Amino acid sequence: MSDSQLWDDVDAYFTALLSPEDESLQAAQRDSDTEGLPHINVTPNQGKLLQLLACLQGARNILEIGTLGGYSTIWLARALPADGRLVTLEYDAHHADVARRNLAHAGLDRVAEVRVGPALESLPKLADENPPPFDLVFVDADKVNNPHYVEWALRLTRTGSLIILDNVVRGGRVTDPASTDPSVRGTRAALELIAEHPRLDGTAIQTVGSKGYDGFALARVLD
């Protein structure tokens, strides 16, 4: 058995046992596939991890940067109390339409708001609204701008908030300081920012699974 098949089998076992998809999550996957969205959303067990982290945070306000079809958004929004709020930013208008439909199907359209446009344009507008601090920020968008997203996350959070940065391993290429790949360079810059910033305390984890070899970073906002 190949390593990748073994990873797939373990993910399938964990998902079936601990994080099975309900009808709304399955529908979100189907709708995203039908609409031609790329297969880059989190896996069910990763989605459940996000939900548990949001619950552990006692999150009332969540910011997501990178919506795609709303699959991870559903997992995160389900961690919120009835009066909670999730704002998710999506560059592509078609993806945003799919996400809105999936959130409505899951009964979460009054909790989760999808905003369309480049995140680096949406984030200043969001800040101008002076929203309550976000308790959790999930960054899963274009990797080139990862350091900018982390900087904005810092501005929009509070002491004790959690920032999660997805897809940080880049197939192992994140270790190459000479890489010219913009996604690798952006990811390295974000990790270096987490390491050096006096208001952040973080780590990064390598993962394997049905999405292959990858990983994520976690950073807690300090005083």
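Everything quoted here is computed from the prediction, not taken from an experiment.
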Considering all heavy atoms of both residues, which atom of [X] and which atom of [Y] are nearest to each other, and what is their separation?
X: Pro44; Y: Thr15; value: CB-CG2, 3.6 Å
X: Leu193; Y: Pro147; value: CD2-O, 3.6 Å
X: Gly186; Y: Asn146; value: O-CB, 3.7 Å
X: Thr207; Y: Gly215; value: OG1-N, 3.4 Å
X: Val111; Y: Gly84; value: CG1-O, 3.9 Å
X: Glu90; Y: Ala96; value: CG-N, 3.8 Å

Report the distance from atom [atom1] of [X] to atom [atom2] of [Y], rounding to the nearest 0.5 Å.
X: Thr88; Y: Ile74; atom1: OG1; atom2: CD1; value: 11.0 Å
X: Thr203; Y: Leu218; atom1: OG1; atom2: CG; value: 7.5 Å
X: Arg78; Y: Leu50; atom1: CZ; atom2: CG; value: 13.5 Å
X: Ile163; Y: Leu200; atom1: CD1; atom2: CG; value: 5.0 Å
X: Trp75; Y: Lys48; atom1: CH2; atom2: NZ; value: 6.0 Å
X: Trp152; Y: Ser122; atom1: CH2; atom2: OG; value: 10.5 Å

I would like to know whether Gln46 and Thr43 meet side chain to side chain donor-acceptor pair (under 3.5 Å); could you show each step before the answer?
CA-CA 5 Å; Gln46 291 168 344; Thr43 59; 3.2 Å; yes
Is any side-chain heavy atom of [X] less than 4.5 Å from a side-chain heavy atom of [Y]?
X: Tyr149; Y: Leu154; value: no
X: Val114; Y: Leu103; value: yes
X: Leu191; Y: Val174; value: yes
X: Pro38; Y: Leu68; value: yes
X: Pro131; Y: Arg85; value: yes
X: Glu64; Y: Ser72; value: yes
X: Leu63; Y: Leu136; value: no
X: Pro132; Y: Asn61; value: yes

Same apolar cluster (I L V M F W Y, side chains within < 4.5 Å links), [X]/[Y]:
X: Leu89; Y: Leu156; value: yes
X: Leu108; Y: Leu53; value: yes
X: Leu76; Y: Phe216; value: yes
X: Ile65; Y: Leu120; value: yes
X: Val98; Y: Ile40; value: yes

By salt bridge (Lys or Arg N to Asp or Glu O under 4.0 Å) - contacts of [X] (at least two apart):
X: Glu151; value: none
X: Glu192; value: Arg188
X: Asp109; value: none
X: Arg158; value: Asp135

Can you confirm whether Arg199 is buried at CZ, in the sense that more than 12 heavy atoms of other residues, nucleotides or ligands lie under 6.0 Å from that atom?
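Check passes, neighbour count above 12.
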Atom CG of Asp223: over 12 foreign heavy atoms under 6.0 Å
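No - once you tally the heavy atoms of other residues, nucleotides and ligands closer than 6.0 Å, there are 12 at most.
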Would the distance check show the side chain of [X] and the main-chain N or O of [Y] forming a donor-acceptor pair, the cut-off being under 3.5 Å?
X: Gln57; Y: Ala54; answer: no
X: Asp31; Y: Ala27; answer: no
X: Thr67; Y: Gly70; answer: no

Say whether [X] and [Y], considering side chains only, have a donor N or O and an acceptor N or O under 3.5 Å apart.
X: Ser210; Y: Asp8; value: no
X: Tyr91; Y: Asp142; value: no
X: Gln29; Y: Ser32; value: no

Arg100 vs Asp97, salt bridge (charged side-chain N to carboxylate O under 4.0 Å, His left out): CA-CA, chis, key distance, verdict:
CA-CA 5 Å; Arg100 289 191 185 104; Asp97 287 341; 3.3 Å; yes
Taking NZ, NE, NH1 and NH2 as the nitrogens, is one of them in Arg115 or Glu129 under 4.0 Å from a carboxylate oxygen of the other?
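Looking at Glu129 together with Arg115, the answer is yes, because their closest N to O distance falls below 4.0 Å.
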Run the side-chain hydrogen bond (donor to acceptor under 3.5 Å, both in side chains) test against Ser179 and tell me which residues pass, sequence neighbours left out.
none
List the steps, then state whether side chain to side chain donor-acceptor pair (under 3.5 Å) holds for Glu35 with His95.
CA-CA 9 Å; Glu35 293 293 335; His95 295 177; over 6 Å; no
Let me have the donor-acceptor pairs involving side chains of residues 165-172, under 3.5 Å, with sequence neighbours excluded, atom names and distances please.
residue, atom, partner, partner atom, Å
Asn167, OD1, Lys143, NZ, 3.0
Asn167, ND2, Asp214, OD2, 2.7
Arg170, NH1, Asn167, O, 3.1

